[in-house]
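The structure's right below; bear with me while I get my questions together.
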Amino acid sequence: MKSAVETLNPTRVRLTVEVPFEELKPSLDAAYKKINQQVTVKGFRQGKIPARVIDQRFGRGAVLEEAVNDALPKFYTEAVNEGELNVLGQPEVDITELKDGELLAFTAEVDIRPALEIPDYSGIEVEVDAVEVSDEDIDKSVEQLRERFATTAPVERAAQDGDVLTLNLEAKVDGEVLEDGVAEGVTYTVGSGELLDGIDEAVTGVEAGNSATFTSELKGGSAEGKEAEVKVEVTEVKSRELPELDDDFAQLASEFDTFEELRADSRKRLEQMKKYDQATQAQEKVLDELLKLVEVPIPEKLLADEIETRKHNLVNHQLGQMGLDLAKYLEIQGKTEEEFDAETKEQAEKGIKTQFILDELVNKEKLNVSQEELTEHLMRRAQSSGMSPDQFAQAVVEGGQVPMLVGEVARGKALAVVVEAATVKDSNGEVIDLDDEDETAETVEAEGTDAEAADEKPEA
């Protein structure tokens with residue numbers, strides 16, 4: 001077999017392959033065997049039909065077509081390996097010559113990963129937020145904990161802000177009660193902003209046993225988006241009582257004996273959270289600066305496929321779970337479809353560029369992924385997906401996604417190398433040492449692109 005590579009542009013090549021006919025013999029034999037099992041000829045047992053009879057009855061062309069389809073993936077792969085190409089996606093194959101007994105020639109156009117030059121990145125410098133925890137931050141944290149331990153008690157007075165009410169609701173559109181517009185025993189906190197617009201004003205000042213009527217646009221159900229007349233009946237009013245912020249509260253809500261110990265622990269936790277946020281911010285900013293340093297050509301088809309994948313996942317998974325379509329989502333976001341398309345394209349380009357650059361860094365820095373690192377990453381991904389580690393691992397193996405996870409970990413390690421080499425300062429001008437921060441560079445937002453689907457098999 002002979003092969004030659006022609007570079008069409010930085011991300012696409014054309015392979016020209018010539019195969020002597022004798023190298024097709026294994027595929028020809030397999031083709032005759034396959035056809036033998038599929039057809040019957042009077043006077044011959046199935047599977048025992050001579051080749052010349054198959055040629056006479058069904059045509060030599062059918063045999064050649066079957067043999068070529070069988071052989072193409074092997075010869076294409078050999079040509080890719082011979083050319084040391086890092087291919088992306090499916091090739092476009094064109095059989096240019098097929099002479100029975102003499103020669104098979106074909107061309108294959110395919111996208112490839114571009115060759116990248118990674119410049120010195122040690123000069124990258126970014127600024128992140130300083131880790132500062134104020135007394136107000138601690139007060140807010142403690143207050144949130146206090147809210148969790150609030151109790152309620154029935155009161156015989158009109159409802160007011162902060163009260164917890166039990167409600168019966170009935171919605172009418174054009175004077176008709178909706179089939180799905182009746183609800184009883186609904187628990188609602190006045191001022192929470194949940195349920196329907198206008199409900200807070202309607203129930204404030206209403207005592208148990210009384211009702212009020214208001215008009216609101218329905219947020220869901222059969223009449224979503226329509227104006228409805230809603231009758232709300234208050235059946236119970238409860239006041240919320242917050243515990244005193246003292247040592248008793250500390251013992252109730254935590255493992256600490258005193259309130260001051262509880263506040264000190266809150267400060268420590270907030271500092272840890274802000275340090276993690278600081279490390280994440282450093283990672284994102286360093287990545288943005290790295291992307292500016294490298295020119296990355298992107299295959300057009302890969303970009304188009306990535307944009308389509310992102311749209312599909314948003315519409316059919318994320319929005320579908322929320323009961324929204326794209327038009328409603330854009331309305332909520334205050335975006336036009338053109339703005340959404342532009343943002344999606346920008347995100348897709350960044351994702352592909354990030355993956356290409358970090359994969360190149362993985363090779364340049366000779367980074368490997370240990371079993372322990374892969375297991376730790378799998379555990380984190382399982383936790384974020386809401387699955388048990390065993391369930392997630394099984395799904396990954398069955399879906400053939402282990403290489404994808406290995407790639408995620410490797411790219412995370414590559415970005416960590418760049419972050420470590422960069423100068424990171426906080427907003428006070430202090431140089432930050434991120435070595436003590438766990439998971440500084442975790443999973444990079446580049447997984448799931450079609451760039452993963454390298455070295456696909458061709459079909460004639």
Side-chain angles (χ1 to χ4, degrees), residues 2-18 72-73 75-94 96 105-124 286-311 341-367 403-404 406-408 410-411 414-415 417-418 444-459:
K2 296 180 188 176
S3 67
V5 180
E6 177 188 357
T7 300
L8 303 177
N9 61 50
T11 63
R12 194 165 179 83
V13 297
R14 179 188 291 121
L15 289 164
T16 302
V17 183
E18 292 185 358
L72 268 180
F75 294 127
Y76 167 73
T77 301
E78 285 182 13
V80 166
N81 293 337
E82 188 175 294
E84 297 182 344
L85 302 174
N86 199 340
V87 298
L88 303 168
Q90 288 274 10
E92 294 179 6
V93 177
D94 181 26
T96 55
F106 66 91
T107 62
E109 287 191 20
V110 66
D111 288 331
I112 60 169
R113 283 179 179 256
L116 301 181
E117 279 294 326
I118 308 295
D120 180 18
Y121 46 78
S122 61
I124 291 177
V286 168
L287 175 59
D288 287 340
E289 292 301 312
L290 178 63
L291 292 176
K292 293 177 186 177
L293 293 178
V294 188
E295 188 68 32
V296 183
I298 299 178
E300 291 181 9
K301 186 176 185 305
L302 178 64
L303 178 59
D305 289 345
E306 179 65 13
I307 291 171
E308 184 58 35
T309 297
R310 287 174 182 257
K311 280 187 178 180
D341 288 342
E343 286 182 8
T344 304
K345 181 181 179 182
E346 183 180 350
Q347 292 164 359
E349 286 177 340
K350 182 177 180 180
I352 294 171
K353 286 181 178 179
T354 298
Q355 181 170 320
F356 281 176
I357 292 172
L358 294 182
D359 283 347
E360 185 66 29
L361 272 170
V362 168
N363 295 329
K364 181 180 178 181
E365 302 292 344
K366 295 181 173 54
L367 301 175
M404 184 189 77
V406 172
E408 290 177 10
R411 287 191 284 276
L415 184 52
V417 169
V418 183
V444 178
E445 287 297 329
E447 64 266 16
T449 69
D450 284 345
E452 295 283 358
D455 200 17
E456 296 287 349
K457 304 303 181 190
E459 295 179 3

**OP:** Measure the spacing between CD of E349 and CD1 of I298 and express it to the nearest 0.5 Å.
**Re:**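 So the CD of E349 and the CD1 of I298 are separated by 5.0 Å.
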
**OP:** Compare every heavy atom of A105 with every heavy atom of E18, then report the nearest pair and how far apart it is.
**Re:**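 Looks like CG-CB, 4.2 Å.
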
Subject >> Matching residue for I357 among L415, L287, V294 - test: side chain to side chain contact (heavy atoms under 4.5 Å, CB included) >> reply: V294

Original post:
Which heavy-atom pair separates E306 from A348 by the least distance, and what is that distance?
Top reply: CG-CB, 3.6 Å

Original post:
How long is the gap from CD1 on I352 to CD on Q347, to the nearest 0.5 Å?
Top reply: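 One gets 12.0 Å once the value is rounded to the nearest 0.5 Å.
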
Subject >> Spacing of CZ belonging to F356 relative to CG belonging to L88, to within rounding of 0.5 Å >> reply: 5.0 Å

**OP:** May I ask you to check whether over 12 heavy atoms, not counting those of E6, lie within 6.0 Å of atom CD?
**Re:**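 Yes, CD of E6 has more than 12 neighbouring heavy atoms, counting only those of other groups under 6.0 Å.
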
Original post:
Hey, are K350 and E346 close enough for a salt bridge, meaning a charged N less than 4.0 Å from a carboxylate O?
Top reply: no

Subject >> Minimal non-hydrogen separation, L303 against K345, with atom names >> reply: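 Looking at all heavy atoms of both residues, the shortest contact is CD2-CE, 4.1 Å.
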
Original post:
Quick one: do K311 and E308 make a salt bridge, cutoff under 4.0 Å?
Top reply: no

Original post:
If you take all heavy atoms of E360 and I118, which pair is closest and at what distance?
Top reply: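 Shortest heavy-atom contact: CG-CG1, 3.7 Å.
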
Original post:
Can a salt bridge be assigned to the pair E92 and R14 using a cut-off of 4.0 Å between side-chain N and carboxylate O?
Top reply: no

Original post:
Between L290 and L358, what is the shortest heavy-atom contact and its length?
Top reply: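 Closest heavy-atom pair between L290 and L358: CD2-CD2, 4.1 Å.
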
Original post:
Can you name the closest pair of heavy atoms from Y76 and F106 and give their distance?
Top reply: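 Taking every non-hydrogen atom into account, N-CZ, 4.1 Å.
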
Original post:
Is any NZ, NE, NH1 or NH2 atom of the basic residue among D305 and K301 found under 4.0 Å from an Asp or Glu carboxylate oxygen of the other?
Top reply: yes

**OP:** Examine distances only and state if a side-chain atom of D94 and a backbone atom of T96 form a donor-acceptor pair shorter than 3.5 Å.
**Re:** no

